[in-house]
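Okay, so here's the structure we're looking at.
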Amino acid sequence: MPYKHYEEYNLETTDRIKTQYENIIQDIGEDTSREGLQKTPERASKAMQFLTQGYDLDAAEILKSAMFKESYNEMVIVKNIELYSLCEHHMLPFFGKAHIAYIPNGHIVGLSKLPRIVDVFARRLQVQERLTKQILDCINDTLKPQGVAVVIEASHMCMMMRGVQKQNSVTTTSGFRGQFEKIETRNEFLKLISADLS
Ligand SMILES: Nc1nc2c(ncn2[C@@H]2O[C@H](COP(=O)(O)OP(=O)(O)OP(=O)(O)O)[C@@H](O)[C@H]2O)c(=O)[nH]1
Ligand SMILES: [Zn+2]
């Protein structure tokens with residue numbers, strides 16, 4: 001089973017990260033012995049491991065585990081897949097939606113596997129551009145469809161809570177392979193998801 005459960009964290013790693021969070025909390029001027037913070041280093045350690053569990057998961061294996069022979073040759077779209085990731089520059093969250101489409105080439109994939117691979121790549125230190133490309137390449141190389149398209153729109157906390165402090169900017173990234181490199185196919189996909197693009 002490729003998914004890690006919350007209880008399965010390696011004790012040594014959890015303990016090491018916990019000690020490091022204790023130091024961080026002290027260095028920002030807090031008191032780690034006060035009641036509300038006593039368990040915080042351990043919680044933060046587990047939360048960080050949860051948010052970066054994608055390193056331990058194999059997205060191609062997840063797709064391969066549910067590929068079915070089928071002669072459907074039309075576009076399949078799963079849109080509005082919510083995602084939460086961490087920007088690799090500040091380790092602050094960025095979050096939003098992914099829209100994925102593919103045109104089968106003899107095989108379809110279990111629908112839930114598309115959101116699952118979004119999570120595999122999102123739960124790492126990322127930039128939105130690489131996240132988009134990794135999802136695209138994984139589907140393209142594993143399922144070998146006639147075409148695949150990925151659009152991600154996301155808000156970056158590092159641009160909202162700090163830095164430039166812009167609350168409403170949304171970043172859109174996209175990637176297209178195969179049939180989606182043709183303008184008509186790409187436009188059909190963009191039209192079908194456009195109700196969700198702001
Ligand atoms: N291209 C890209 N940039 C990102 C992403 N997430 C965060 N960034 C940017 O990474 C950049 C890092 O720039 P630096 O100048 O090294 O960092 P900084 O001094 O904290 O920059 P400011 O955020 O402008 O205060 C910033 O412009 C962030 O907005 C992402 O997913 N993709
Ligand atoms: Zn950032």
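We use all heavy atoms of the structure for the numbers below, so side chains are in, but hydrogens, waters and symmetry mates are not. Order of appearance sets the numbers: ligands from 1, and atoms from 1 within every ligand. Here the structure is a predicted model, which means the values were calculated and not measured.
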With no hydrogens and no angle check, is any side-chain donor or acceptor of [X] less than 3.5 Å from a backbone partner on [Y]?
X	Y	value
S45	P41	no
K144	D141	yes
R124	G54	yes

If only side-chain N and O atoms count, and only distance matters, is there a donor-acceptor pair under 3.5 Å linking [Y] with [X]?
X	Y	answer
Q179	T185	no
T132	Q128	no
S33	Q38	no
T40	R43	yes

R186: side chain to side chain contact (heavy atoms under 4.5 Å, CB included) partners, not counting sequence neighbours
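Counting only residues at least two positions away or on another chain, R186 forms a side chain to side chain contact (heavy atoms under 4.5 Å, CB included) with F176, L190.
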Under 2.8 Å from the Zn ion (ligand 2), which protein N/O/S atoms are there?
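Listed by chain and number: C87 SG, H90 ND1, C158 SG.
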Would you please write out the protein residues whose heavy atoms approach any atom of ligand 1 to under 4.0 angstrom, listed by chain and number?
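Around ligand 1, where the cutoff is 4.0 Å for heavy atoms, the contacting residues are C87, H89, H90, V127, Q128, E129, H156, C158, M159, R162, G163.
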Report the residues that fulfil ring-ring contact (aromatic ring centres under 6.0 Å, His included) with F180, sequence neighbours left out, ordered by chain and then residue number.
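F189.
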